[in-house]
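This report concerns only the one structure given below.
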Number of protein chains: 2
Amino acid sequence: MSGGETQQTILDAVQAVIVRDGVRGASMRQVAEEADVSLGLISYHFDDKETLIVAAFERATARLREASEQSIEHVDDPEERVRAFLRSSFGEEFLDGDYLRLRISLWAVALTDPAIAAVDASFFEEYATALRGLITTARPDLDQGEIRGRSIDAIALTNGIWLNWARYRNADDLEIGLRRCEDIILGPPQQGTR
Amino acid sequence: MSGGETQQTILDAVQAVIVRDGVRGASMRQVAEEADVSLGLISYHFDDKETLIVAAFERATARLREASEQSIEHVDDPEERVRAFLRSSFGEEFLDGDYLRLRISLWAVALTDPAIAAVDASFFEEYATALRGLITTARPDLDQGEIRGRSIDAIALTNGIWLNWARYRNADDLEIGLRRCEDIILGPPQQGTR
DNA sequence: TCGACAACTGAACGATCGTTCAGTTGTCGC
DNA sequence: GCGACAACTGAACGATCGTTCAGTTGTCGA
């Protein structure tokens with residue numbers, strides 16, 4: 001097998017083990033067994049465990065980034081672009097494949113591991129910037145402060161919906177939440193109930 | 001020292017270590033050093049590591065539960081009760097004290113540990129039930145389906161705001177998010193932008 | 001055919017893990 | 001003063017961890 005293929009096989013195994021047993025249970029031996037390779041081969045392809053875990057989270061994040069980019073490629077209507085962008089994170093690939101367990105693990109590890117925090121933060125910044133751009137086009141009447149607030153709230157709600165899905169997998173709650181997300185972004189100014 | 005006091009000292013140490021190094025770094029020896037007790041004493045008071053971690057998360061969750069209950073004790077106005085309840089999770093105790101790092105670790109561990117998932121789930125159910133009750137009183141015109149949707153969305157947004165706070169600690173974003181939460185719960189029906 | 005080299009193996013290493021347990025300390029009632 | 005008992009200590013255990021490395025396999029170009 002070529003080196004590149006083997007690396008992907010190993011990263012697949014890392015993801016599978018993290019999803020099943022968490023980062024705590026992701027030992028080099030577990031990964032080797034899951035990937036059906038020898039223990040030494042992992043160290044041959046990756047400098048150490050830290051590098052391996054970071055690479056796995058980076059690849060998982062890249063998949064999400066690509067899905068977001070592709071989702072708006074052939075959509076012209078500005079509001080539809082916002083909706084497509086939001087919903088791209090909730091495609092079958094990311095809901096069925098235990099992908100969110102991986103992301104929640106990432107959030108937790110990022111708290112103590114600077115390298116993984118960087119992976120998380122760079123994606124967050126990129127996602128937020130893209131969302132602000134889409135909102136600006138869809139709702140040119142809003143000022144930048146309002147747009148920033150809406151994008152932050154939408155991302156927060158998105159993460160919360162992810163969390164609830166990982167817990168309970170309730171499709172109705174998911175759809176209601178996504179509608180709410182669209183309303184936050186595209187709806188009228190806040191009511192100011194206070 | 002009495003047994004009860006020592007147990008609390010040990011649980012304090014567990015929390016401190018998890019906040020600093022994550023659940024991965026929370027070894028019995030680390031906890032013992034942090035609590036300034038011997039290694040054996042931890043096993044004397046707690047059956048095993050699993051029991052210890054669960055007890056720490058249970059106590060942390062209990063603190064949040066108590067704060068939520070107390071927040072509405074002396075508030076009469078129905079809408080103000082909703083606001084107080086929502087904001088009780090964002091008191092100084094929970095924002096300053098690295099408390100949220102603990103909760104995010106809990107979310108991750110709950111994915112693979114049934115006992116901790118039970119701690120998380122029971123609090124979630126309790127919180128959601130209380131919130132639905134408060135919404136019902138504040139907005140008796142809404143039907144149960146709408147109330148359920150609003151409470152789920154509010155909890156999701158709350159968790160997302162927590163996550164963002166743990167990452168960036170931006171007070172403006174926090175306040176904007178909380179206002180949005182209040183709007184979701186107390187505002188007019190959704191616009192239905194689609 | 002054969003050297004060169006990337007890909008791969010698995011035993012072995014020291015470190016650290018959770019748990020156990022014989023032994024020590026301190027504090028009571030009697 | 002003295003047994004009883006809860007509280008506490010730390011050395012020791014086997015298991016598992018990440019990492020290393022001498023050795024094997026397979027595949028090419030010369």
Side-chain angles (χ1 to χ4, degrees), chain A residues 1-59 105-106 108-110 112-116 119, chain B residues 1-59 105-106 108-110 112-116 119:
Chain A
M1 207 186 297
S2 80
E5 286 173 18
T6 305
Q7 289 192 20
Q8 296 304 315
T9 302
I10 292 173
L11 290 179
D12 286 339
V14 174
Q15 289 195 16
V17 172
I18 290 179
V19 165
R20 193 189 333 119
D21 304 323
V23 179
R24 273 211 294 170
S27 70
M28 301 295 266
R29 283 168 180 80
Q30 278 285 323
V31 171
E33 189 177 355
E34 178 78 27
D36 201 30
V37 299
S38 70
L39 178 61
L41 188 58
I42 301 178
S43 296
Y44 176 77
H45 283 293
F46 298 91
D47 283 348
D48 51 22
K49 190 184 176 183
E50 163 88 4
T51 305
L52 176 67
I53 300 288
V54 170
F57 279 129
E58 257 174 356
R59 202 185 59 156
S105 293
L106 186 150
V109 181
T112 56
D113 188 322
I116 290 178
V119 173
Chain B
M1 207 185 298
S2 79
E5 287 173 19
T6 304
Q7 290 192 19
Q8 295 304 316
T9 302
I10 292 173
L11 290 180
D12 286 339
V14 174
Q15 289 194 17
V17 172
I18 290 179
V19 165
R20 193 192 329 121
D21 304 322
V23 178
R24 274 212 293 172
S27 69
M28 302 295 267
R29 282 169 181 79
Q30 279 285 324
V31 172
E33 188 178 355
E34 178 78 28
D36 200 32
V37 298
S38 69
L39 178 61
L41 188 58
I42 301 178
S43 295
Y44 176 78
H45 283 294
F46 298 91
D47 284 347
D48 51 24
K49 191 184 176 185
E50 162 88 4
T51 305
L52 176 66
I53 300 288
V54 170
F57 279 129
E58 257 174 355
R59 202 186 57 158
S105 293
L106 185 149
V109 182
T112 56
D113 188 321
I116 290 178
V119 174

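Protein chains get the first letters and strands the later ones, always in sequence-line order, with residue 1 at the start of each. Any value given below was found using the heavy atoms of this structure, including those in side chains, with hydrogens, waters and symmetry copies removed.
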Taking atom CD of A:E50 as the centre, report whether more than 12 heavy atoms of other residues, nucleotides or ligands fall under 6.0 Å from it.
yes

Within residues 36-49 of chain A, which residues have any heavy atom lying less than 4.0 Å from an atom of DNA chain D?
A:L39, A:S43, A:D48, A:K49

If pairing means Watson-Crick or G-U wobble with both distances under 3.5 Å, then the partner of D:dT24 is C:dA7

Could you check which nucleotide pairs with D:dC13 in any of the strands shown, counting Watson-Crick or G-U wobble with both distances under 3.5 Å?
C:dG18

Neighbour count >12 (heavy atoms, 6.0 Å) for atom CD, A:Q8:
yes

Test applied, side chain to side chain contact (heavy atoms under 4.5 Å, CB included); reference residue, B:M28; option that passes from B:L39, B:V14, B:D48
B:L39

Does A:V109 reach the side chain of B:R24, with side-chain heavy atoms less than 4.5 Å apart?
yes

So do the side chains of B:T6 and B:H45 get within less than 4.5 Å of each other, counting heavy atoms only?
yes

For DNA chain C, which residues of residues 21-34 of chain A approach it to below 4.0 angstrom with any heavy atom?
A:R29

Under 4.0 Å from any heavy atom of chain B: name the first and the last nucleotide of DNA chain D that qualifies, 5' to 3'.
D:dA6 to D:dA12

Below 4.5 Å, heavy atoms only, C-beta onward: do A:F46 and A:Q7 meet side chain to side chain?
yes

Do B:R59 and B:D12 come within less than 4.5 Å of each other through their side chains, counting heavy atoms only?
yes

State the OG1-CG distance between B:T9 and B:L41, to the nearest 0.5 angstrom.
9.5 Å

Does some side-chain heavy atom of A:Y44 sit less than 4.5 Å from a side-chain heavy atom of A:S38?
no

Report yes if some heavy atom in the side chain of A:L52 is under 4.5 Å from a heavy atom in the side chain of A:L11; otherwise report no.
yes

